[in-house]
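Right, one structure below, let's go through it.
Letters go in sequence order (proteins before strands), and every chain restarts at 1. Atom set for the values below is all heavy atoms of this structure, side chains included, hydrogens, waters and symmetry mates excluded.
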Amino acid sequence: MAKKITNRSEDYSQWYLDVVKEAKLADHSPVRGCMIIRPNGFSLWENMKRALDQMFKETGHENAYFPLFIPKSFLSKEAQHVEGFAKECAVVTHSRLRSIDGGVEVDPESRLDEELIVRPTSETIIWDAYRDWIQSYRDLPILINQWANVVRWEMRTRLFLRTMEFLWQEGHTAHATKSEAVEEAEKMLQVYKTFAEEYMAMPVKTGVKTASERFAGAVDTYCIEALMQDGKALQAGTSHFLGQNFAKAFDVRFQDRDGEHKLVWATSWGVSTRLVGGLIMTHSDDNGLVIPPKLAPVQVVIVPIWRSDDEQQEVMEYATPIVQELKEAGVSVKLDDRDNYKPGWKFAEHEVQGIPIRIAVGPRDVKNGNLEIARRDTLEKEIVTRSGIADRITGLLETIQQELFQRAKERMDNQTRNVDSYEEFKKEIERGGFIYAHWDGTDETESRIKEETKATIRCISDEFDQPGTCMVSGKPSRRRVLFARSY
RNA sequence: CGGGAUGUAGCGCAGUCCGGUAGCGCACCACGUUCGGGACGUGGGGGUCGCAGGUUCAAAUCCUGUCAUCCCGACCA
């Protein structure tokens, strides 16, 4: 088989790019830093959306949609928020073009009175609306999610992981009490963790961000952090407790039971197409993409094999009912009956596209009442009997889902360790992975570690609660925190 | 935004140093043989060489600018 994908160990960046390209997930667009999501990539994202959306509905949320454009004045109402996003905004300044010999130019006459910002996130425009929606405690809580695209003018981009425009969901909730808002932020973090682990088969660490890594405008940022195969961490989702910051900035108050007018408490939370990048980097191998069954747009592909027309007819008659049988069992199945490709070519294509299970059916199988089943994750092949195929496949899909998670979990656990001295830390961080170490809680120590080792505190973990001494300053530390180099 | 590399057919590349009117592999089209791990033969179609200037009788090739991509930094809820 012609090798089309770079070895992971040789050049991880190139490997990642090869996997994305060969699986036809996405391409670079003509616009710097943006991407074209191809049907294969988009259906993967749609499956993620569907599962997440269901989970949001089950936790009482509704979908809505707010404008793409945010007036500049809105963005600047919350001081920390605007400071965090000011350096990465796409700004609309004019409304039309005019003809100029053979081409067009921006019409200077059309300059806008107030510039519009293409949303980098929607807190401001949503809280401006919430002001009018909320008067009484009876109007609360508001539990809204929106599926949208946002733009952040990044300096350096990477397909799926960091693009200038990306697709995401952003939840924005409003609550009467602090404890209710905190509970919401924590609840949504758990939703993300469940989704990452049960659907993406991607194990994650959870915790809160340090002040320096916090979302601009948040009081607390909760996050899920995953570990990629090259030992770097990926921030896979965040959930923010926003306190009353946005309520203050947009003057959103409600009259409580006690008659008092009070500021509303807020949360926001989001995951993006970055998750697709995380999924790719968690499971894929040197033969290309590997998709966990629960999210695979096509879970099973059937490849019929024939030589003559007679064989074709015979094989197709044998294979076609299997499609129906699997569909009835709730399996997403495709019969690859294209006659312009040879079986070997199809095998390679399905492999590089990450389809979890392949069933091959040839004259030999028809004669013996068999099927050949091949697993994408392990590349193992097995001859099985035709009867009872639906049960076998549904069972195998479940097994693959579990094993993908187990393997990823073991990998993460093997790359997670405690370190007590800064010398050891410097050495260990070179090997990648997660490191739990003691930190004195100061910005100075945190930024010194970042400068000297390129490692950041991914989160203040809830896995540890034992005090100790900071590995850098020797000052007291309340608990170990999670360090890693990250994307 | 700094350092490095690259940009030539849908994809991957050679040609650039030393200027002379564009080539290879894959893919695509036709026909035939093939078909259980990316088939083969024969014939065929497709490119103003990223873009814009300049030098020259002549530019993919030299010069200037510009745009984009990749890698390393800086930056990054």
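Atom pair F347(A):CZ and G37(B):C1' shows a separation of 6 Å (rounding to whole Å applied). Between R338(A) atom CZ and A39(B) atom P the separation is 13 Å, expressed in whole Å. Across the protein-nucleic acid pair, Y12(A) atom OH and C72(B) atom P stand 13 Å apart, rounded to whole Å. Rounding to whole angstrom units, CZ of residue F215(A) and P of C76(B) are separated by 15 Å. Atoms CG (D230(A)) and P (C72(B)) sit 10 Å apart, rounded to a whole Å. E311(A) places its CD atom 11 Å from the C1' atom of G36(B), with the value rounded to the nearest Å. Rounded to a whole Å, the CZ atom of R162(A) is 10 Å from the P atom of C76(B). C76(B) atom P lies 15 Å from atom CZ of F166(A), rounded to whole Å.
Not one N or O on the side chain of Y16(A) forms a donor-acceptor pair closer than 3.5 Å with the backbone of R158(A).
G12(B) and U6(B) are spaced 14 Å apart, taking the C1' atom of each and rounding to whole Å. Atom name P, nucleotides G46(B) and A9(B): the rounded distance is 15 Å, in whole Å. Of the P atoms belonging to C29(B) and U16(B), the separation is 34 Å, rounded to the nearest Å. Using atom C1' as the reference point in both C63(B) and G19(B), the two lie 13 Å apart (nearest Å). Comparing the same atom, C1', in G2(B) and in A59(B) gives a spacing of 32 Å after rounding to whole Å. Comparing C49(B) with A60(B), their P atoms sit 6 Å apart, to the nearest whole Å. Nucleotides G37(B) and G23(B) place their P atoms 38 Å apart, quoted to the nearest Å. Remark: the separation of the C1' atoms in U8(B) and C13(B) is 9 Å, to the nearest Å.
In a base pair of the Watson-Crick type (N1 to N3 plus N6-O4 or O6-N4) or a G-U wobble (N1-O2 and O6-N3), with each distance short of 3.5 Å, C75(B) is matched with no nucleotide. Nucleotide C70(B) forms a Watson-Crick or G-U wobble pair with G4(B), both donor-acceptor distances falling under 3.5 Å. In this structure, C17(B) forms no base pair with any nucleotide, since neither Watson-Crick nor G-U wobble geometry is met with both distances under 3.5 Å. Across all strands shown, C26(B) is found opposite G10(B) as a Watson-Crick or G-U wobble partner, with both distances under 3.5 Å. Across the strands present, G37(B) finds no partner; the criterion is a Watson-Crick or G-U wobble pair with both atom distances under 3.5 angstrom. Under the Watson-Crick or G-U wobble criterion, with both distances below 3.5 Å, C62(B) is paired with G54(B). In this entry G45(B) has no Watson-Crick or G-U wobble partner, no candidate having both defining distances under 3.5 Å.
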Close N or O pairs between protein and nucleotides 69-71 of chain B (under 3.5 Å):
unit_1 : atom_1 : unit_2 : atom_2 : d
U69(B) : OP1    : G33(A) : N      : 2.7
U69(B) : O3'    : H28(A) : NE2    : 3.2
C70(B) : OP1    : H28(A) : ND1    : 3.4
C70(B) : OP1    : H28(A) : NE2    : 2.8

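Residues S212(A) and E446(A) have side chains that bring a donor and an acceptor to within less than 3.5 angstrom of each other. No hydrogens or angles considered: a donor-acceptor pair under 3.5 Å links the side chains of Q146(A) and S122(A). There is a side-chain donor-acceptor pair under 3.5 Å between E463(A) and Y436(A). For the residue pair D230(A) / W15(A), no side-chain donor-acceptor distance below 3.5 Å is found, with atom types taken as modelled.
Ring planes of F166(A) and W168(A): perpendicular class, angle over 60° (limits at 30 and 60°). Using bins of under 30°, 30° to 60° and over 60° for the plane-to-plane angle, the ring pair F250(A)/F74(A) lands in the perpendicular bin.
Across all strands shown, W269(A) has no heavy atoms under 4.0 Å from either base or sugar-phosphate atoms. Within the nucleic acid shown, R214(A) comes within 4.0 Å of sugar-phosphate atoms alone, with no base atom in reach, counting heavy atoms only. Looking at heavy-atom distances under 4.0 Å, D365(A) makes contact with a base. The residue R358(A) sits close to a base: some heavy atom pair falls under 4.0 Å. Using a 4.0 Å heavy-atom distance criterion, K454(A) is classed as a sugar-phosphate-only contact.
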Could you list the donor-acceptor pairs under 3.5 angstrom formed by side chains in residues 215-228 of chain A, with sequence neighbours left out?
unit_1  : atom_1 : unit_2  : atom_2 : d
T221(A) : OG1    : F215(A) : N      : 3.0
T221(A) : OG1    : H240(A) : ND1    : 2.9
Y222(A) : OH     : E186(A) : OE2    : 3.0
E225(A) : OE1    : R458(A) : NE     : 2.8
E225(A) : OE1    : R458(A) : NH2    : 3.3
E225(A) : OE2    : K209(A) : NZ     : 2.8
E225(A) : OE2    : R458(A) : NH2    : 3.3

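Each of E349(A) and S308(A) was assigned the nucleotide of RNA chain B with the nearest heavy atom; the assignment lying further toward the 5' end belongs to S308(A). For the pair K346(A) and M155(A), nearest-nucleotide mapping onto RNA chain B gives the more 5' position to K346(A).
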Evaluation steps, side-chain hydrogen bond (donor to acceptor under 3.5 Å, both in side chains), between E165(A) and T163(A): CA-CA 5 Å; E165(A) 179 192 5; T163(A) 45; over 6 Å; no
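From I357(A), atom CD1 reaches atom CD1 of I400(A) across 4.0 Å, with rounding to the nearest 0.5 Å.
Nearest nucleotide to the E351(A) side chain, out of G36(B), C76(B), G37(B): G37(B). Checking C1(B), G36(B), G38(B) against every side-chain atom of I305(A), the shortest atom distance belongs to G36(B). The E88(A) side chain lies nearest to C76(B) when the options are G73(B), G37(B), C76(B).
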Readout for nucleotides 25-30 of chain B: B = base within 4.0 Å of protein heavy atom, S = sugar-phosphate only, - = neither; 5' to 3' it is ------
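OP1 and OP2 of C40(B) both lie 4.0 Å or more from every side-chain N or O belonging to K342(A).
Between F483(A) and the choices F425(A), Y422(A), W439(A), F434(A), the ring pair (Phe, Tyr, Trp, His ring centres under 6.0 Å) rule is met once, by F425(A).
Checked against the 6.0 Å centroid threshold, W269(A) and H61(A) count as a close aromatic pair.
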